[in-house]
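Shown next, in structure tokens, is the structure this report addresses.
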Amino acid sequence: MDMKNIYAQSLYKELGAFLSLSELEKLIETPTYDTHGDLAFPCFVLAKQFKKSPALIASELSATINHPLIERVKADGPYLNAFFNKKSISEQVLKHILTDQQQYGSTHIGKGKTMTIDFSSPNIAKPFSMGHLRSTVIGQTLSLIAEKCGFDVVKINHIGDWGTQFGKLIVAYKKWGDKARVRAQPIMELFELYVRFHQEAERHPELEQEARDAFKQLEDGDEASIQLWTWFRDASLQEFKRIYDLLGVSFDSYHGEAFYNDKMADTIQELDNKNLLTESDGAEVVELTNEELPPCLIKKSDGATLYATRDITAARYRKKTYDFDKMVYVVGHEQRLHFQQVFAVLNKMGYDWARNMVHVPFGFILKDGKKMSTRKGKVVLLEEVLKEAIQLAKKNIETKNPNLANKDDVAHAVGVGAVIFHDLKHERNHNIEFDLEDMLTFEGSTGPYVQYTHARACSILRKAKRDIDIESFSGLTDSYSFTVIKKMLDFPHAVTRALKDYEASHIAKLLLELARAFNQYYSQVKILQHDSELNDRLALVQSVTIVLREGMRLLGMKAPEEM
RNA sequence: GUCCCAGUAGCUCAGUUGGAUAGAGCAACAGCCUUCUAAGCUGUGGGCCGAGGGUUCGAAUCCUUCCUGGGACGCCA
């Protein structure tokens, strides 16, 4: 039920000669204040054509609108305000949600289409920092949203398991490494070696060249180097798996950069065949002057490949393997230029599917207003933050609800939910200042607040001890319940907007608004009392649990029934 | 230097496609649990929407210049 569309159609009957249906729909807005009704149509644009004041137009139009779902319209200055019929709309919305259940808000936009989503993509031998959290949770939620909209989704973890950094690591390990210590604590130990490399390289710049040589050796298939690389890779993946389990994230493919090692020669050959390669300072590049971009570096002067080479190769492989209709990269916005170049090169190669590739950037998690630097060892470990959040949730349960069953499961859901929601409620392109205290807050606009609201609603349903009769709604008419109804009515729109903008915060914000509306309703209206509207009120409560649960599911959160 | 992103309450942030009186949360203060989970609700205070100029009936929103912060800009990823 699209009320904006319904109102637009009513207006269209009168104004069809002057404005199209979609123009009308664009003009209609949601008023800021309840006293202005549920939808408003500003009449300014018609003033010139009609040669009348907007106020007069609004007033004249007010007599012509007639629709069963619109109780009344009222001209208020230049605006024509529509007031919904609470009774029939609430009846329809509740019936709709209780019928569709978790399918509420699903669409077929992506039916028969495949979307590949490249996200998380941590680097081997580096700890999983807060910085990787964003890519991971954003990618996860976009996957779920795309699935809800009908896409076949392929989740790809493009592990950073290749590149000069491995040269650095191999050099560092050979110089200062200790087998037993790496065995015991692979990532931390390797990370320390990595950090030490950069410290030493400041005094001994020749190390950088050693690292490049070591990587070249690795790329050329040197046995000992490969052995080290395999060891580092396996150990790292094992640790990553722990974090993914904590977050409830899974992937369809773990093909990292190294996977494309034997496929890059073909890409370079293809670029050469199409006369796109030029030599520059001993390196091979693709000039992108027409695209107003700096040249894209394909091959270093020592013959080793680069990041871009692997991404171009990966794109070709994925097109061949998955035949995607959309390829999404959830990667930090500092790599914007890189993706512009990669897409431009693919376009130059004559692949028209290059225009179906999209970089979904996101801002950094800043520490004291600055980007956290992996090289200097300044990172906050995600696993520690998650564990701390879970512990805090547990503590809260012990004081607030000590008799709760399965406390650990709930603590896990709430702690992880707090961290995920804290990230996703922010607009993805903005930088976030890292604030542990803020992240571990469970009150106000937080994940636990939404979860708590859901648990409260579930509790009422348990206590009601009766089934809801979908066939006998009479509709609700009070303004508290109607605010809740309207938020639920907006949910499908929030989902499609989230898909269109690759912006999960649309859903997170709607959930907060719905939760707030429901809590206000809860404090004002006694739900469990036996009167003629009980069935409708329970339907409202049930609907709220459905929408909140489904919304949280889309964000990658759990929705405990008690907490 | 060039390009990209951001600047809204003390702090963290909302504010579809330009619309009526710019909203939440946190923090501060004052209330509300013999009644459905107080991780909640209600109220109070708090704002030249970074600055100037422009477009428009109308600008936090669009254009432009400047200021501030962050990022990217060939052999890292």
At a cut-off of 3.5 Å, list every protein nitrogen or oxygen paired with a nitrogen or oxygen from nucleotides 29-35 of chain B, distance to 0.1 Å.
residue	atom	partner	partner atom	Å
U35(B)	O2'	Lys526(A)	NZ	3.0

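- Close to U16(B), at under 4.0 Å from its OP1 or OP2, lies no side-chain N or O of Lys509(A).
- Shown here, G43(B) forms a base pair with C29(B); the pair counts as Watson-Crick or G-U wobble because both key distances fall under 3.5 Å.
- Residue contacts shown for Asp281(A) include a base, since a base heavy atom lies under 4.0 Å away.
- The listed nucleotides are U16(B), G74(B), G70(B); the one nearest the side chain of Leu297(A) is G74(B).
- Residues that satisfy the side chain to side chain donor-acceptor pair (under 3.5 Å) test with Asp501(A), not counting sequence neighbours, are His506(A).
- Shown here are the side chain to side chain donor-acceptor pair (under 3.5 Å) partners of Glu257(A), two or more places apart in sequence or in another chain: Arg310(A).
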Report all interatomic pairs (protein N or O, nucleotide N or O of nucleotides 18-20 of chain B) with separations under 3.5 Å.
residue	atom	partner	partner atom	Å
G19(B)	O2'	Glu29(A)	OE2	3.1
G19(B)	O2'	Tyr79(A)	OH	2.0
A20(B)	N6	Asn81(A)	OD1	2.7
A20(B)	N1	Asn81(A)	OD1	3.3
A20(B)	N1	Asn81(A)	ND2	3.2

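- Base contact: Arg497(A) has a heavy atom under 4.0 Å from a base atom.
- With sequence neighbours excluded, no residue forms a side chain to side chain donor-acceptor pair (under 3.5 Å) with Glu334(A).
- Of the candidates C57(B), A77(B), G71(B), C57(B) carries the atom nearest the Lys48(A) side chain, counting heavy atoms from C-beta on.
- Applying the side chain to side chain donor-acceptor pair (under 3.5 Å) rule to Asp478(A) yields the partners Ser481(A); only residues at least two apart in sequence or on another chain are considered.
- Both tests do not hold together for Arg428(A) against Tyr502(A): distance to the six-membered ring centre under 6.0 Å, angle to the ring axis within 45°.
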Could you list the donor-acceptor pairs under 3.5 angstrom formed between side-chain atoms of residues 533-540 of chain A and any protein atom two or more places apart in sequence or on another chain?
residue	atom	partner	partner atom	Å
Asn535(A)	OD1	Asp469(A)	N	3.0
Asn535(A)	ND2	Asp469(A)	O	2.9
Asp536(A)	OD1	Ser474(A)	N	3.2
Asp536(A)	OD1	Ser474(A)	OG	3.2
Asp536(A)	OD2	Ser474(A)	N	3.0
Asp536(A)	OD2	Gly475(A)	N	2.7
Arg537(A)	NE	Ile527(A)	O	2.9
Arg537(A)	NH1	Asp531(A)	OD1	3.2
Arg537(A)	NH1	Asp531(A)	OD2	3.3
Arg537(A)	NH2	Ile527(A)	O	3.0
Arg537(A)	NH2	Gln529(A)	O	2.8
Arg537(A)	NH2	Asp531(A)	OD1	3.2

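- For residues 398-419 of chain A, proximity to RNA chain B is found at Lys400(A), Val414(A), defined as any non-hydrogen atom under 4.0 angstrom from a strand atom.
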Nucleotide N/O of nucleotides 5-7 of chain B paired with protein N/O under 3.5 Å:
none

With a cut-off of 3.5 Å and sequence neighbours excluded, list every side-chain donor-acceptor pair involving residues 289-300 of chain A.
residue	atom	partner	partner atom	Å
Lys300(A)	NZ	Thr164(A)	OG1	3.2

Are any protein N/O atoms closer than 3.5 Å to N/O atoms in nucleotides 42-44 of chain B? If there are, list each pair with its distance.
residue	atom	partner	partner atom	Å
U42(B)	OP1	Gln520(A)	NE2	2.9

Show me the donor-acceptor pairs, under 3.5 Å and distance only, between side chains in residues 412-424 of chain A and residues at least two apart or in other chains.
residue	atom	partner	partner atom	Å
His412(A)	NE2	Leu246(A)	O	3.4
His422(A)	NE2	Asp438(A)	OD2	3.3
Asp423(A)	OD1	Arg134(A)	NE	3.1
Asp423(A)	OD1	Arg134(A)	NH2	3.2
Asp423(A)	OD2	Arg134(A)	NE	3.2

